[in-house]
*Asks:* 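Pasting a structure below so you can have a look.
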Amino acid sequence: MSISESIKINVSTTNGMIRPNSFRVIAGPCTVESYDQFVASARAVKEAGYEYVRGGAFKPRTSPYSFQGLGEEGLKILSEVSGELGLKAVTEVLDPGDIELVMEHAQILQIGARNMANFALLKSVGAAIAGTDHGVLLKRGFSATVEEWLLAAEYITSAGGDNVVLCERGIRTFETSTRFTLDLSAVIVAKRLTDLPVIVDPSHAAGRRDLVIPLSKASVAAEADGLIVESHHEPQEALCDAEQALPVEALLGLRQALQPFASAMGREVV
Ligand code: PEP
Ligand code: MN
């Protein structure tokens with residue numbers, strides 16, 4: 001069976017997160033570090049005019065000795081602050097046992113690159129969000145083909161969860177000047193093979209903040225439906241992914257930088 005036959009999904013909206021003719025920007029810190037850190041970073045997201053804030057509570061760190069996130073305490077800060085500011089929250093779930101808890105605190109459940117092929121997690125998340133307003137942001141594994149990525153999405157949809165957004169976040173190549181290599185071809189290919197929205201994470205792809213805005217512009221031109229970017233009120237102090245976080249001024253400038261490209265594509269930055 002070819003991939004285009006196997007992909008049965010026909011969804012064009014995700015609980016309002018991705019709308020036709022709009023370009024959705026999700027921003028916020030890699031990790032919820034404390035109430036003060038998250039509220040300051042989230043206020044900048046609000047001030048920049050975005051509606052979705054990201055912040056990890058359960059962090060999939062490459063090293064077991066790196067900061068693993070605040071867990072449930074981080075989720076509480078995430079929902080309290082996002083609620084106060086009228087923002088919707090995006091956060092990662094690592095363990096099927098945490099799905100219910102994460103759903104109490106966030107609208108969008110992220111499945112990270114390292115878990116794209118964790119089929120038990122995909123099936124559990126699909127079943128848990130079925131019939132709810134929650135959505136899933138499915139990152140592409142950094143060694144996964146587009147076909148494997150789309151089939152991972154089908155694990156979620158075939159379990160009943162139809163609010164799935166795909167996210168290209170860079171793949172591993174021989175190149176060392178960036179953390180990963182942003183594969184914009186995959187965005188276009190995925191959009192031709194499925195009706196699922198596709199967004200781009202230029203922050204984890206580049207691993208360096210100076211490339212985030214140029215790659216964001218390129219993502220608009222590559223027909224992406226949005227972005228998830230890391231931002232922090234004090235990037236140099238971030239406990240996780242400090243080198244790639246946009247400072248507040250850059251986050252405020254991002255909308256302006258993107259709008260001409262979005263207009264050319266018939267979209268509005270939201
Ligand atoms: C993240 O978004 O914080 C993250 C860990 O991303 P990825 O799974 O793409 O590495
Ligand atoms: Mn990160």
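Positions are given from 1 along the sequence. Both ligands and their constituent atoms are indexed starting at 1 by order of listing.
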*Asks:* Taking only non-hydrogen atoms of R140, do any sit less than 4.0 angstrom from ligand 1?
*Replies:* no
*Asks:* Going through the checks in order, is the side chain to side chain donor-acceptor pair (under 3.5 Å) test met by T31 and E33?
*Replies:* CA-CA 6 Å; T31 308; E33 300 167 17; 5.7 Å; no
*Asks:* Is the side chain of R54 donor-acceptor paired with the backbone N or O of C30 at a distance under 3.5 Å, no angle test?
*Replies:* yes
*Asks:* Can you tell me how far OG of S219 sits from CG of L258, rounded to the nearest 0.5 angstrom?
*Replies:* 8.5 Å
*Asks:* D225 and salt bridge (charged side-chain N to carboxylate O under 4.0 Å, His left out): which single residue from R19, R267, R24 fits?
*Replies:* R267
*Asks:* Hey, could you give me the CZ/CE distance between F119 and M116, rounded to the nearest 0.5 Å?
*Replies:* 6.5 Å
*Asks:* Can you report which non-hydrogen protein atom sits closest to atom 8 (O) of ligand 1, along with the distance?
*Replies:* A113 N, 2.8 Å
*Asks:* As an exercise, identify every atom of ligand 1 less than 4.0 angstrom from a heavy atom of E230.
*Replies:* 3 (O)
*Asks:* If you have a sec, work out which protein heavy atom is nearest atom 9 (O) of ligand 1 and how many Å separate them, to one decimal?
*Replies:* R169 NE, 2.6 Å
*Asks:* Tell me the protein heavy atom at minimum distance from atom 4 (C) of ligand 1, and give that distance in Å.
*Replies:* H204 NE2, 3.5 Å
*Asks:* Taking atom types as modelled, find out whether E72 and H105 have a side-chain donor-acceptor pair closer than 3.5 angstrom.
*Replies:* no
*Asks:* For the Mn ion (ligand 2), which N, O or S atom of E230 is at the shortest distance?
*Replies:* OE2
*Asks:* If you measure every N or O of D201 against every N or O of ligand 1, does any of those distances drop under 3.5 Å?
*Replies:* no
*Asks:* Nearest 0.5 angstrom please: R169 CZ to L182 CG, how far?
*Replies:* 10.0 Å
*Asks:* Would K59 count as being in polar contact with ligand 1, using the rule that some N or O on each side must be under 3.5 angstrom apart?
*Replies:* yes
*Asks:* Let me check your reading of the structure: within less than 2.8 Å of the Mn ion (ligand 2), is there an N/O/S atom from C240?
*Replies:* no
*Asks:* Give the residue and atom name of whichever protein heavy atom lies nearest to atom 7 (P) of ligand 1, and the separation in Å to one decimal.
*Replies:* K139 NZ, 3.4 Å
*Asks:* Please name the atom of D241, limited to N, O or S, that comes nearest to the Mn ion (ligand 2).
*Replies:* OD2
*Asks:* Report yes if some N/O of G112 lies less than 3.5 Å from some N/O of ligand 1; otherwise report no.
*Replies:* no
*Asks:* What is the distance from atom CG of L251 to atom OG of S41, rounded to the nearest 0.5 Å?
*Replies:* 9.5 Å
